[in-house]
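Please read the structure below before turning to the comments.
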Amino acid sequence: MPVALVDCNSFYASCEQVFQPRLQGRAVVVLSNNDGCVVARSREAKALGIKMGEPWFQARHRLQGQGQAEAVTALSSNYALYADMSNRVMRILGRFSPRQEVYSIDESFLELDGLPEPPEVTGQRIRATVLRWTGLPVCVGIGPTKTLAKLANHLAKQDPAWAGVCDLAVLDAGEVERLLAPIPVAEVWGVGQRLAQRLGALGIETALDLRRAPSKRIRQHASVMLERTALELRGIACLDLETLSPDKQQIRCSRSFGATVSSLAELTEAITTFTSRAAEKLRAQQGEAAAIAVEIRSSAFRRDAAAYAASRVVPLAAPTADTRALVAAARAGLNRLYKPGPAYAKAGVILLDLSRAAERQPDLFADSSADDRSQVLMATLDQINRRFGRGSLTLANARPAPRWRRREQFRSPRYTTRLDELPVAHC
DNA sequence: TCTGGGGTCCTAGGACCC
DNA sequence: TCTGGGGTCCTAGGACCC
């Protein structure tokens, strides 16, 4: 039962290139919030040696030194555009299999069972359809397990000889092993830099080494997770396709500020805004939170004595999805954490102990009419914000354009989700 | 000068209980 | 003089993912 992993190439950068054809064939990087780090690179940008996660100011200085600054176009993240393009791609992929796991914003697993054609042919049809309908290039990896499908996708992206589709499921063991032999073990799904280092000390340096390592030895030196990964590399499926996305167990909203803040009033604005956004996400999954954590910190990259980071968990009196109750708890936490002095660079909240509202035991002593009024109010709030745009209606403390708002110097228009930003065709 | 955000899972160790 | 053992639950921290 082969499974495919379909992954968009340089997803954010490709989305930008779809709507700005002059960027095609050029080095394009997309930056994280606040225009901080590089989070996506076109093929040409990778060729210039720009690293994933690299701070943009460093990459820019290096390129300037090499006289190549002009060769790169840097863009701020345009999440509205990427989320909308992602939805389009995922819907298209869903046409190719009744069993789909949307794994991330730019990746889907598909079960390819009972096809009337070789999976490789389906893979090519997937590529052609997504490209034709959205303008986005994808690669397809196919294998007997999810981990091998991931690795097959890696191969398809690396070597143009695969023409974008690599099927490991049809190869015999010898051929698979020949392909795994040159792949560093850190490329395997579930093996990061830390594990790779420890495995290196054991003489396990490639995907093939891990495939061949005895289970007992792996469990001695690492975890059951890695043991599963090794089994998957051998073609023994340990990971199921998760076709319905489970409720989140925690919901986080945190941001670095565009400019540092020092006053409690400004931090309160920020915490109010973040809590409101988190509460919106919570209600979208019909959830309630029983606790909220608040964090504030000064810059993590300055090593002066004034560095300060603190967090605190505040339990709620009863599980709730009401923005007002969550904000009140978050503010109580903030008041305990705040001290004057530090230049705060980042703040955030995390909703914890989540459960489904419908599954809560009613509280015999609570005023249930207050509960009903809260639900109606929150539903109305969400409806207005869906209809007129996020942030149209907020608590009075959440300002529309605070001083600490994120930098996004190079954001492209929200071509597909805002009527006033539609692309214009000149004839 | 300028360094992201949002998740998951596992493990070790402490508290507590009988 | 002699001072158990085993289970469960919770939390913090680490590692991983995109």
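Chain A is the first sequence line, chain B the second, and so forth, proteins listed ahead of strands; every chain is numbered from 1.
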Just the rounded figure in Å: distance from C1' of B:dC9 to CG of A:L226.
14 Å
Ignoring backbone atoms, test whether A:S223 places a side-chain nitrogen or oxygen under 4.0 Å from the OP1 or OP2 oxygen of B:dC9.
no
Side chain to side chain contact (heavy atoms under 4.5 Å, CB included) partner of A:P2, chosen from A:L110, A:I142, A:T122
A:I142
Residue from A:R283, A:E280, A:R277 passing side chain to side chain donor-acceptor pair (under 3.5 Å) with A:T323
A:R283
Side chain of A:R228 (C-beta onward), nearest among B:dC10, C:dC18, B:dC2
B:dC10
Under 4.5 Å between any side-chain heavy atoms of A:T229 and A:W189, yes or no?
no
Select base, sugar-phosphate, or nothing to describe what A:R277 touches, counting heavy atoms under 4.0 Å on all strands.
nothing
Which nucleotide wins on minimum distance to the side chain of A:V224, given the candidates B:dT11, B:dT8, C:dC18?
B:dT11
Over how many whole Å does the gap from A:R407 atom CZ to B:dG5 atom C1' extend?
16 Å
For B:dT11, take OP1 and OP2 only and decide whether either is under 4.0 Å from a side-chain N or O of A:R219.
no
When you get a sec, tell me which of B:dG4, B:dT3, B:dG6 is the closest nucleotide to the side chain of A:V39?
B:dG4
Give a yes/no answer on whether the side chain of A:R194 brings an N or O atom under 4.0 Å of OP1 or OP2 in C:dA15.
yes
Would you indicate which nucleotide in B:dC2, B:dG7, C:dC18 comes nearest to any side-chain atom of A:K150?
C:dC18
What is the distance, rounded to the nearest whole Å, between atom CD of A:E232 and atom P of C:dC17?
14 Å
Close side-chain approach of A:F410 to A:E16, heavy-atom, < 4.5 Å
no
Interatomic distance at C1', B:dC16 relative to C:dG4, whole Å:
16 Å
Determine the contact category for A:L31: base if any of its heavy atoms lies under 4.0 Å from a base atom, sugar-phosphate if only primed atoms, P, OP1 or OP2 are that close, otherwise nothing.
nothing
Nucleotide of B:dG6, B:dC2, B:dG4 approaching A:H61 most closely (side-chain heavy atoms):
B:dC2
I'd like to know whether A:S374 forms a side chain to side chain donor-acceptor pair (under 3.5 Å) with A:D322, so could you lay out the CA-CA distance, the side-chain angles of the two residues, the decisive distance to 0.1 Å, and finally the verdict.
CA-CA 6 Å; A:S374 156; A:D322 189 303; 2.7 Å; yes
Looking for any heavy atom pair under 4.0 Å, which part of the strands does A:W189 touch: base, sugar-phosphate only, or nothing?
sugar-phosphate
Heavy atoms from C-beta onward define the side chain here; which of B:dG5, B:dC2, B:dG7 lies closest to that of A:S256?
B:dG5
Under 4.0 angstrom, heavy atoms only, what part of the nucleic acid is A:E54 near: base, sugar-phosphate, or nothing?
nothing
Give A:I350 one of three labels, base, sugar-phosphate or nothing, depending on what nucleic acid heavy atoms sit under 4.0 Å from its own.
nothing
Output the rounded distance in Å from CG (A:L210) to C1' (C:dC16).
15 Å
OP1 or OP2 of B:dT3 versus the side-chain N and O atoms of A:K346: is any pair under 4.0 Å?
no
Given atom CD of A:Q58 and atom C1' of B:dC2, what is their separation to the nearest angstrom?
9 Å
Under 4.0 angstrom, heavy atoms only, what part of the nucleic acid is A:V188 near: base, sugar-phosphate, or nothing?
sugar-phosphate
Using OP1 and OP2 only, check whether a side-chain N or O of A:R406 sits under 4.0 Å from B:dG4.
no
Less than 4.0 angstrom between a side-chain N/O of A:S104 and OP1 or OP2 of C:dC17, yes or no?
no
When you check the phosphate oxygens OP1 and OP2 of B:dC9, does a side-chain N or O of A:Q249 lie under 4.0 Å from one of them?
yes
Using a heavy-atom cut-off of 4.0 Å across all strands, would you classify A:D106 as base, sugar-phosphate, or nothing?
sugar-phosphate
Dump the intermediate steps for side-chain contact (heavy atoms from CB on, under 4.5 Å) on A:K150 and A:F109, then the final yes or no.
CA-CA 9 Å; A:K150 273 275 211 185; A:F109 288 102; 4.2 Å; yes
Nucleotide paired to C:dG7 in any strand shown, Watson-Crick or G-U, under 3.5 Å:
B:dC16
Nearest-Å distance for atom pair CG/C1', residues A:L354 and B:dG6
13 Å
Tell me whether the side-chain N/O atoms of A:N34 come closer than 4.0 Å to OP1 or OP2 in B:dG4.
no
Between CD of A:E242 and C1' of B:dC9 the distance, given in whole Å, is 12 Å
Measure the distance from CG on A:L195 to C1' on B:dC10 and round it to the nearest whole Å.
12 Å
I want to check one thing: is the phosphate of B:dT3, taken as OP1 and OP2, less than 4.0 Å away from some side-chain N or O of A:K51?
no
